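Below is one structure, written out as structure tokens; comments come after it.
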Amino acid sequence: MLTLEGVEIRRPGFALAADLAIENGARVSVLGPSGAGKSTLLSAIAGFLLPDAGRVAFDGRDLAPLPPGRRPVSMIFQDGNLFPHLTAFENAALGLRLSGRLTREERDRVARSLDRVGLEGLGDRKPGALSGGQQGRVALARILLRAQPVMLLDEPFAALGPALKRRMLALVDEVATEIGATVLMVSHDPQDARRLGGQTVFVAGGRAHAPAPTAHLLDQPPPALRTYLEG
Amino acid sequence: MADRPQPLGAAGAAGLIAAAVVLALTLGTALLTLSRAQGVARLGAADWAAIRFTLGQAAISAGLSVALAIPVARALARRRFAGRAALVTLLGAPFILPVIVAVLGLLTVFGRNGWASAALDLAGLPPLDIYGGHGVILAHVFLNLPLATRLILQGWLAVPSERFRLAADLGFGPPQIRRHIEWPMLREVCPGTLIVIFLVCTTSFAVALTLGGGPRATTVELAIYQAFRFEFDLGKAALLALVQLALSGVAALLALGLAVPQAAAGGLDRAVERWDAQGPWHRGGDAALIALAAAFLVLPLLAIFLDGVPGLARMPASIWGAALRSLAVALASGALTLALALPMALAAARPRPGARMVEAAGYLSVAVSPLVIGVGLFLLVRPIANPTALALPVTALVNAAMSLPFALRALIPAARATEAIYGPLADQLGLQGRARLRRLILPRLRRPMGFAMALAAALSMGDLGVIALFTDPSAGTLPFALYGLMGAYRMDAAAGAALILLASSLALFWLFDRGGRLDADT
Amino acid sequence: MPFCACPLLSDLWESPMRRTPLAIFAALTALPALHAAAQETPVLTVYTYDSFDTEWGPGPRIEPAFEERCGCDLQFVGAGDGAALLARLRLEGGNTDADVVLGLDTALTAAARDTGLFAPHGIEVPPLDLPVDWQDDTFVPFDWGYFAFVHARDFDPPANFRDLADSEAQVVIQDPRSSTPGLGLLMWVKAAYGDAAPEIWEGLADNIVTVTKGWSEAYGLFLDGEADMVLSYTTSPAYHVAAEADDTKTAAPFDEGHYLQVEVAARLAGSDQPELARDFLDFMLTAPFQTAIPETNWMYPAVTPEAGLPAAYDGLIRPGTALLLSPDEARAIRDTALDEWLTALSR
């Protein structure tokens, strides 16, 4: 279970409080107005910033002492998800070995993961020679190999068309299921949240609210969410 | 986003060590010299006049070099033409020439008896009078405009092509491009470039004196010569060096404070294609600018070439030994420069307290008097070793320190951009220490590393080959041999040696600069 | 790419090879010591200016000649020019490695004597062919020359400094703060005109194209046609005749006389080879050394060899009056002369 206990993050002109728990294996969308602190919430979980109060824990273990790379977390950013000087294969392989020196068996695993996300035969390409969707798939292959119990996605596929985005979200779900991971995804599109299903954390007014079932929340939004959704 | 306090880490520690080495070479040598002084040194009115003159001419030279470099770099950034690559490489040449060679080349073109005066004479006009304050500035612009152009051009090339695409999509004309893309880039790149050139010009001595037309053009370095050789007043020499260092340090911090790092955005390294400024007016203007700048820079080089060819046959065989020694020193110096600059750039690139101080420390090395560095090192080394035997290693080390500011200028913005764009992903993956260096930083910094190594090696080969008190006439470097030939009346052989020096410096520069670019992105 | 393999400083530190730089450093520093220890033969260390020991200087001719005679190892150590030479000695003080210093001139000897580092030469000085009387128990002259303005033969030169000041002639000179001839010119004007020197300099200001750091820059500018005349030596044209068969350069005789540069050597009081040092000073005034001077150092030998001077010296001007301030006078007026020069030329 991923828990945020009495977490408070304060910056000049900005404050965010969170007190919530997320079951392992859950699918959670993070919705809310721009600037409310959706990305900040993910950053606190990933370890890029330390809360001013409270604690972030996973399965009861305080994550505070762990730097980002040691946390049980994989993350997809808005951009900068692949190293342009490495091939798709090498980028994916970072999920297994940072040194890039792989055994034969590990090479096979990387190749299988690329096949799994639909990139057969594209392992030698560098990101510049891949489409946006293909780049996302490389990142997912890496996440598959890292097999961390928490996946954080920060508006990952905002640049993709609707059909492609749908397919990528389905792939996210499959990958998460395969490695048994919890998914937290920031989005500004309620349709993404519906598609992901599960629960939604609504972030607004300086507070990240406890997760509530997405369908129910979107069908009968509380006033603040209604303002956000309907303007 | 990276609010988490950054641990110092191995890279940070290495950066601090490198900065300490540089400070020891600069501040340390000056303080050591001061400690040997007898009595309290005082600066007189003439010394303050020298300081004022030095700062004034350096500021004008730097300002003018950068102001002229901006349009030239922009023209080069947005035009493709045959010979562009060669021209960009040649841009490195004036800067790496030994001062005496550059001055004589410049005078062949702009002197009283030079080509320009001959052309004026044909038109019935009086010859140019190059000697005076304007001569100093002309020479400094000749020496530094190319470097400024290179550094600013790098800034232009670092703008992600996506931004130009967006600009084209929004129908931006040149004024909007200037405002939204070029101005923010220039605000980041120019202050550092300005300060580097300012600092280089502060230690100018032979150029300022020769083209300044006399003792009106007395710089601090000449005052230091006077204190050391004429009066043997070590205290005054060191004090002058320290005053210069302090003023330069203040200037460096001010300029760095003006620099506004851009919010970096990831581009995918596709070749920069431009859709703006395609009108005939803009094309013609750019073509004229490039032609003018090329003529200004290439004509003196051509003069050196033409002077040197007949001398090639008259060079003594020993010149090749000197060339080999210079090559060894240049390669060692280039490697040392990177070993110092890379950790410093990485330390300066991360948002960490003291990052700016590390950067400033790196810039100072070029502002400290070469003579005082020589004296300080001599005092340090002599009790334990024979300075003559250490001539070449010391030359390599001092050259490396002197090249550092240029290396940092190239590396820091690239390191910053790499951290900003790929740092979070690397952190998230736990890519730290050596693995981060090998898999992220070195590949991303290849281009500026190539440039830094190229510049350091070429500078070492050319301009900086002689350190006061650390010379070995029996095993001298190429610049030393060149001075030797001139001192022995063998001006034609010296011109041949100058040509060898120019060619080998350029070859080194081209090799490493190109090596850094070979399939660097993709 | 080689530089990709470049380790960070930290890596170097962590690597098992971390001692390598230290080892190299130690080896480098130990080398000269080992070298010296391996020598059975005594070593005589002579500090001199750089150009003395280059392949075109006298060094390579003199070294084997003296070594054959002394059964020792003669080692030249180059230390910039004359003024830098003295500065280096002062930095090193009593524990200098030098046994002999060769290449100071009379502008420096007063300061050199005051360091107390030098010992009386203790040799029998043969009759010297100097245009002035020479008496000194410490410094032994080995060559000399007159400062002069060198010009192309087809240029009509002024006859003296006042003429020059009144003429349109353009000259290049060297800065006295960084150059030996530059300082020589300062002394020349002072010796010829005394208190009227400032007036001479004011008159010359518009004739001086520019002032250079050293002799090479000035001479290079002159050869490039930037000026009609350059401050050099009366012997300079001999180089062009001897080496280039070029008779088009000559020196302008000035009727107030020409200032003399006398180059001297001396032995160090702290030398561990006092006998060898004395032998060297002795040798310095004999034919093998003196014959090497005219066509390597392009100066007049202190003792004219029996064979006479090279043919290239025949066409040189011989000034009627030799000007030379005594070392003490030279030191006493130096700062005033520099101030006058700076004031006149900074206008």
Side-chain angles (χ1 to χ4, degrees), chain B residues 10-11 13-14 17-18 46 100 103-104 107-108 111-113 131 205-206 209-211 213-216 222 225-226 228-230 232 316 318 335 338-339 342-343 378-379 382 384-386 388-390 393 434 437 442 446 449 453 468-469 471-474 483-484 486-491 515, chain C residues 1 3-4 6-14 28-29 31-32 50-51 53-57 59 76-80 83-84 86-88 90-92 97 111 170 175-178 208-213 215-217 219-221 223-226 236 239-240 243 298 338 341-342 345-346:
Chain B
I17 291 173
I100 192 168
V103 165
L104 289 176
L107 286 176
T108 305
R112 284 159 184 257
N113 195 34
Y131 304 97
F205 160 13
L209 183 66
T210 306
L211 290 165
R216 279 179 305 274
L222 179 49
Y225 258 65
Q226 181 181 349
F228 178 67
R229 297 166 39 104
F230 206 83
F232 197 69
S318 60
L338 272 191
L342 195 59
F378 181 85
L379 291 173
R382 208 188 99 78
I384 49 172
N386 176 359
T388 307
L390 286 179
R434 293 179 70 130
L437 186 70
L442 292 182
R446 255 177 83 163
M449 277 168 60
M453 174 93 185
L469 296 169
T471 54
D472 180 1
S474 60
Y483 287 123
M486 289 192 91
Y489 288 96
R490 287 161 172 78
M491 301 288 171
Chain C
M1 292 305 102
F3 43 82
C4 285
C6 237
L8 269 180
L9 222 56
S10 62
D11 294 336
L12 203 65
W13 222 244
E14 287 155 10
L28 276 171
T29 52
L31 265 181
D50 285 337
S51 65
D53 191 35
T54 57
E55 108 188 67
W56 311 279
F76 286 113
V77 173
L86 179 58
R88 174 163 178 175
R90 289 167 99 164
L91 282 180
E92 295 185 354
D97 297 330
Q170 298 289 299
D175 196 305
R177 294 168 289 178
S178 55
I208 294 170
V209 179
T210 193
V211 177
T212 65
K213 176 187 175 185
W215 177 88
S216 301
E217 289 94 335
Y219 211 79
L221 253 60
L223 291 181
D224 274 0
E226 286 297 298
S236 297
Y239 170 81
H240 298 285
W298 301 100
L338 180 65
W341 182 83
L342 284 171
L345 295 192
S346 295

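Side-chain atoms are counted along with the backbone in the values below, which use heavy atoms only and exclude waters and symmetry mates. The structure presented is a predicted model; accordingly, all values stated were derived computationally and were not measured. By convention in this document, chain letters (A, B, ...) are assigned in the order of the sequence lines, proteins followed by strands, and residues within each chain are numbered from 1.
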- Any idea which heavy atoms bring C:Val211 and B:Gly214 closest together, and the distance? CG2-CA, 3.7 Å

- Engaged part of C:Glu217 at the chain B interface, taking heavy atoms whose separation is under 4.5 Å: both

- Item | C:Ser178 portion near chain B, given a 4.5 angstrom heavy-atom threshold | both

- So which of C:Ala243, C:Ser236, C:Gly59 has the largest heavy-atom pair count under 4.5 angstrom toward chain B? C:Ser236

- Note on the structure: Closest non-hydrogen atoms of C:Asp97 and B:Arg382, given as atom of the first, atom of the second and distance, are OD2-NH1, 3.3 Å

- Message: If I compare all heavy atoms of C:Trp56 with all of B:Ala488, which pair ends up nearest, and what's the gap?
- Response: CB-CB, 4.0 Å

- Item | Smallest separation among heavy atoms of C:Lys213 and B:Ala206, with atom names | CD-CB, 4.0 Å

- Message: Please classify the contact between B:Phe228 and chain C as side chain, backbone, both or neither, with a heavy-atom cut-off of under 4.5 Å.
- Response: both

- Quick one: salt bridge (charged side-chain N to carboxylate O under 4.0 Å, His left out) partners of C:Arg88, sequence neighbours excluded? C:Glu92

- Note on the structure: Applying a strict 4.5 Å limit to non-hydrogen atoms, the region of C:Ala111 in contact with chain B is neither

- Item | Contacting region of C:Tyr239 [heavy-atom separation from chain B under 4.5 Å] | side chain

- Query: Can a donor-acceptor pair be found between the side chains of B:Tyr483 and C:Ser216 at a distance below 3.5 Å?
  - Reply: no

- Message: How close do C:Ser346 and B:Arg216 get, counting heavy atoms only, and between which atoms?
- Response: O-CG, 3.4 Å

- Counting heavy-atom pairs under 4.5 angstrom with chain C, the leader among B:Tyr131, B:Phe378, B:Phe230, B:Tyr489 is B:Tyr489

- Message: To the closest 0.5 Å, what do you measure between CD (C:Gln170) and CG (B:Asn113)?
- Response: 12.5 Å

- Looking only at heavy atoms, what is the nearest atom pair of B:Gly487 and C:Trp215, with distance? O-CZ3, 3.8 Å

- Where does C:Leu338 contact chain B at under 4.5 Å (heavy atoms): side chain, backbone, both or neither? side chain

- Message: Counting heavy-atom pairs under 4.5 Å with chain B, which one of C:Leu86, C:Ile208, C:Thr54, C:Leu221 comes out on top?
- Response: C:Leu221

- Rounded distance [0.5 Å steps], CG in C:Asp50 versus OG1 in B:Thr471: 4.0 Å

- Atom group of B:Leu379 that falls short of 4.5 Å from chain C, counting heavy atoms: side chain

- Task: Could you look at C:Val77 and say if it's the side chain, the backbone, both or neither that has a heavy atom under 4.5 Å from chain B?
- Result: side chain

- Message: Please classify the contact between C:Leu91 and chain B as side chain, backbone, both or neither, with a heavy-atom cut-off of under 4.5 Å.
- Response: both

- Message: Tell me which of these, C:Gly80, C:Ala87, C:Ala84, has more heavy-atom pairs under 4.5 Å with chain B than the rest.
- Response: C:Ala87

- For B:Thr108, does its backbone N or O pair with a side-chain atom of C:Asp224 as donor and acceptor, under 3.5 Å? no

